[in-house]
Each structure stands twice: as C-alpha cells, then as structure tokens.
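Written below as structure tokens is the structure these notes are about.
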Amino acid sequence: MNIIWARALAILLLQAAIAAAVGWLLGVRAGFITAIVLLVIQAFFNVHHAQRLWRLLDAPVYGEVPSALGLWGEIYYRLHKLAKRWHSQVKQVEQQHARFIQAIQASPNGVIMLDEQNQIEWCNAIAEHHFGIDAKRDLRQQITHLLRQPTFVHYLAAERYDEALIMYHMGDRRQNVLSVQAFPYGDNRKLVISLDVTDIERTDAMRRDFVANVSHELKTPLTVLSGFLETVGELPLSAEDIQRYVEIMRQQASRMQNIVNDLLTLAKLEGNAKPAGDERLDMGQQIRSLRDDAQGLSQGKHVVEVDAVGGLDLRGAESELHSAFSNLVSNAVRYTPAGGTIRIEWAPDAGGGARFSVIDSGLGIPPEHIPRLTERFYRIDRSRSRDTGGTGLGLAIVKHVLTRHQAQLQIKSEEGKGSTFTIRFPSTRVMHGEIKAPAGLAANG
Ligand code: ADP
C-alpha cells in the first residue's frame, strides 16, 4: 500500500476512533455529530492547504518552506526540495549562458546570430562596432534593413557561404574593410562572423605599391642601359662617342646598384627583430668622418661647418647610425645649391638626451611634403633627386634606424631658405665620458 493511502487511512481510523469514543461516552448521536465535525474540519484543512499550494505555485518563494501537519507538511517539504534542485539547475544554466556570452564578447570577431527570417537575435559589441548597429535597439530587425549594401544582401540571399565577403564599411573615423562570412546552423539560422581586415588590406596595398615602385625605379635605368647597349652594338661609333655612352651606362648601372643596396639595407632593418646593439659610438670621430664625407661630396662647392660638444657619445649599432647620419649629410649637400652652407651639430638635449642636427641653407621643403618624406620612394622633385644620385630610400632608412634606437626625427624647413633635420636621442642612448676630441671642432670646406 502506498504511503499516502496508509496515512489517509490512519487519519480516517483516528477520526472514527474519536467519534466512537465520544459515541460511547455521550451517546450515538454525539458520536455521529463528532464524526461529521471531524470530517468537515479535515475538508477545511485540505482546502486551506490546497489554496496555499496554489498560491505558492503561482508565486514561488525560494528558501521558504511552509509548515503544516502530516501529509501537507511532507508535500511542502518535497516540493521545496524539488524547487531547490530546479533553482540550482537554472542558476547553473544561467551562469553557463553568461560565461558563453562573455566568451563571445571577448572574441576579436563580430558575431551576429540571425533567426530563420534573417532577423537579429543577438550580436556582440564588436559586431555593433563593425556594422554600426545596436544590440538592444536593433533586436528582431531584419539585418538587410540595417546593412543595405547590395553585395551583402545578395551574399545572404545567394546562400553560398563557403567564401567570405569583403565589405567596405564606414567606421567611426575611417573606412573599414571587413571580411564577413555566414555560417548556417540549427533550423535555418545563421551566424554572421565579421573580421576587421583593414590593416591587412592596407599592408597588402603597401606591398603592391612597393613592388610597383621598385619595378618602376629599376625600369628607367634599365631601359636607358639596354638602349645604349643596342646603339653601341649596332652602330659604327667613334671612340669618343663610345666613351661617352659607356659613361652614361656606368651611371645608370651605379644608380641601379644604389637602389638595390638601399633596398637590401631597408630589408635588413625591417627584418631585424632584435633591438639595436649597445656599441659605444665615438661621436667625435663620427662627426669628423661626416665632415670629411660632406666635403668630399661637395667638392668645395659649399661651406661645411661643425659644432660638436665633446664627451658625449652614443650607445647603439654603429653601422646603422652612421648610415642614418650620412644620409642626412648627403641630402643636405645634394639639395643645397653651390655656395650654400651645411652645418653639422651634436649637443646635449633636454632630459639627458642628445641631438644630432644637419642644417642647410638649401632649397627647403614645402610644408605639405614634410610628413611624407620618410615614405619609401617619396621625392619632392624626382628629376633633381635622380640627378644627384638619390634613390628615394634614404629617409626611409633613417626612420627605421631611429625607430630601432628609440630616437625621433624632426624636420623643420622653409622653402628657398633651407632645412634642419634633427635626430633626438633619449637619455638611455647617451653615454657621457672623457673628452677625446676638442669640442666645437670647426671646419670650412
Ligand atoms: P633621395 O634619395 O631622393 O634624396 P630621401 O629619402 O633621402 O631620398 O629624401 C626624400 C626626399 O626628401 C628627397 O627626394 C628630397 O626631395 C627631400 N629632401 C631630403 N632632404 C632634403 C634637404 N636637406 N633639403 C631639401 N629637400 C630634401
């Protein structure tokens, strides 16, 4: 017999026993009335608790166990246990759900969940940022009403999702390039994943430009060279002409060599992940050698001045720094007409740093060009740069060397008056020591 029946029977027997006892003491009539009263009390008791249970099921209060006698007490207790178990299961599922949402929010990709009608069910913050949508406001919105680009609408409708779609989207301040791919799941639902590939695209475009620039730079001297080779090979030329042509060919070959050498230097600098070395550079000696180089290049056409503070050395990769310094010096000579002045300065700088400056009284640079001078192959005047043996890579090399030495390049210039190129080294790159060369060595060329 099951426990509920057993208990009900026990109560019934108890009631019968009470009624019988009353009947035996006070007569049959009193016993009968007692039996009825007990049954009515029990009915009220049951209805009261049924009502209480009803209310409890309508608005459950977790953690509160209603007290009651007998079977009802047992029912409340069991219900309470059941509710507690469900409650903890629901809590667990909620926590799992919250963690899942946190994980998708932490993803670097945009994630949009679409229902079977392509309405937004949920999206993470990155997707909001990528597409300019609002997770709350745009909930249940048709995605194609928000992202109206025909390529995207067509991509979604065509249902060929094995490839990603490249989308151009206006972001906060710049045009973003997004790689967007849909993944079907469940009952005709979709997950739309977006990835910001703006930087990858930009790097790709830069690489393409670079290859095109290199090809163009090498093509010109190569065309000249092969033209002259043909002429020399096919036409009867005087010894004088041949000599002239060979000289032109030698110049073109040397131009190509310069470009290739500069490209190799750049590639070496870019590919070098190791920080720049810690060699001590004797700046007195560097400045003397730069002055000699400037005089050699100028061939007496300019005044070369030097003002260097002694006992101030640098810590870094000697060959790299020397190439950066001599690029600035050679530019100053090349872009300063005969009779001008080139001044090389080396002095302490604010915060324990040091600065190296090359000041010329040359052509100067229009302000709009200054921010772009360190780009590879950027030149203000192509023909002048070529005539003076420039490759268009000098300042790009300087910039790389300086980045590796935590130094900065400052360019000040006035058209027609001259330019000042200053390299500022931080204190960590500066070494103070005994004065090996007299400070302020001055030389005129
Ligand atoms: P290039 O080999 O053409 O000199 P750089 O990268 O060294 O290439 O310089 C880039 C451009 O910056 C040059 O083509 C030139 O137009 C300009 N430039 C650099 N230094 C000076 C300077 N001292 N005075 C005027 N223009 C300069």
Side-chain angles (χ1 to χ4, degrees), residues 206 209-210 213-214 216-221 251-270 290-291 293-298 301-306 320-345 355-404 407-424 445:
M206 271 165 66
D209 281 357
F210 180 62
N213 277 334
V214 171
H216 178 76
E217 293 291 331
L218 291 174
K219 200 176 146 205
T220 322
Q251 278 173 9
Q252 297 302 323
S254 122
R255 211 177 118 196
M256 287 201 295
Q257 208 165 21
N258 287 345
I259 294 175
V260 171
N261 283 343
D262 277 357
L263 282 173
L264 287 175
T265 308
L266 258 183
K268 218 159 75 189
L269 286 170
E270 280 178 339
L290 289 168
R291 179 198 57 196
D293 289 351
Q295 283 170 339
L297 262 170
S298 156
K301 293 191 195 108
H302 305 90
V303 177
V304 180
E305 294 175 353
V306 168
E320 291 182 20
L321 287 168
H322 182 75
S323 113
F325 296 150
S326 54
N327 258 309
L328 296 189
V329 170
S330 108
N331 279 355
V333 175
R334 289 189 296 117
Y335 298 109
T336 302
T341 306
I342 317 293
R343 186 179 170 81
I344 303 169
E345 285 183 5
R355 62 181 165 79
F356 172 87
S357 306
V358 180
I359 305 150
D360 67 55
S361 62
L363 303 172
I365 304 159
E368 68 273 19
H369 292 284
I370 292 180
R372 301 196 58 190
L373 289 185
T374 54
E375 287 176 21
R376 293 177 282 197
F377 296 117
Y378 191 85
R379 297 167 175 118
I380 299 167
D381 180 345
R382 276 183 180 273
S383 64
R384 191 184 163 87
S385 161
R386 273 194 204 121
D387 292 349
T388 56
T391 60
L393 295 168
L395 290 179
I397 293 174
V398 172
K399 186 183 145 198
H400 273 283
V401 171
L402 300 196
T403 307
R404 283 170 52 70
Q408 280 177 347
L409 179 66
Q410 280 180 351
I411 307 170
K412 281 193 192 140
S413 188
E414 212 177 314
E415 241 184 310
K417 292 218 168 134
S419 316
T420 302
F421 284 73
T422 302
I423 302 177
R424 307 186 86 129

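In listed order, ligands and their atoms are each counted from 1. Small disclaimer: the values here were computed from a predicted structure and weren't measured. One-based numbering along the sequence shown.
Listed by number with element, the atoms of ligand 1 under 4.0 Å from a non-hydrogen atom of Gly394 are 5 (P), 6 (O), 7 (O). Close contacts between ligand 1 and Leu373 involve ligand atoms 12 (O) [criterion: under 4.0 Å to a heavy atom]. Atoms of ligand 1 found under 4.0 Å from any heavy atom of Phe421, numbered from 1 in the order shown, are 20 (N), 21 (C), 22 (C), 23 (N). Here is the list of ligand 1 atoms found below 4.0 Å of a heavy atom in Arg334: 1 (P), 2 (O), 4 (O). Shown in contact with Ser419 at under 4.0 Å from a heavy atom are these atoms of ligand 1, numbered in order with element: 24 (N).
The pair Lys268-Glu320 does not count as a salt bridge, with every side-chain nitrogen at least 4.0 angstrom from each carboxylate oxygen.
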**Q.** CA sep, side-chain torsions, deciding dist, call: Glu345, Arg355, salt bridge (charged side-chain N to carboxylate O under 4.0 Å, His left out)
**A.** CA-CA 8 Å; Glu345 285 183 5; Arg355 62 181 165 79; 3.6 Å; yes
Q: Take Asn331 and Val358 through the test side-chain contact (heavy atoms from CB on, under 4.5 Å) and record every step on the way to the result.
A: CA-CA 9 Å; Asn331 279 355; Val358 180; over 6 Å; no
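Residues Ile365 and Tyr335 fail the side-chain proximity criterion, which asks for heavy atoms closer than 4.5 Å. Within the 4.5 Å cutoff, the side chain of Thr420 has no heavy atoms near those of the Asp360 side chain. With contacts defined as side-chain heavy-atom distances shorter than 4.5 Å, the pair Asn327/Leu395 does not qualify.
With hydrogens left out, the protein atom closest to atom 23 (N) of ligand 1 is Asp360 OD2, 2.9 Å, a heavy atom. Residue, atom and distance of the protein heavy atom nearest to atom 8 (O) of ligand 1 are Gly392 CA, 3.2 Å. Here the heavy atom of the protein found nearest to atom 19 (C) of ligand 1 is Asn331 ND2, 3.5 Å. The single protein non-hydrogen atom nearest to atom 3 (O) of ligand 1 is Ser385 OG, 2.5 Å, given as residue, atom name and distance. With respect to atom 5 (P) of ligand 1, the closest heavy atom belonging to the protein is Leu395 N, 3.6 Å. The nearest protein atom to atom 10 (C) of ligand 1, hydrogens excluded, is given as Tyr378 O, 3.3 Å; this is a heavy-atom distance. Closest to atom 13 (C) of ligand 1 among all protein heavy atoms lies Tyr335 OH, 3.4 Å. Protein heavy atom in closest approach to atom 16 (O) of ligand 1: Ile380 N, 3.2 Å.
For the residue pair Asn258/Arg255, the side-chain donor-acceptor check at 3.5 Å is not satisfied. In summary, the side chains of Asp262 and Thr391 do present a donor paired with an acceptor at a separation below 3.5 Å, with no hydrogens or angles considered.
For Gln408, the CD atom sits in a loose shell: 12 or fewer heavy atoms of surrounding residues, nucleotides or ligands are nearer than 6.0 Å.
Within the 4.0 Å heavy-atom shell around ligand 1 one finds Ile365.
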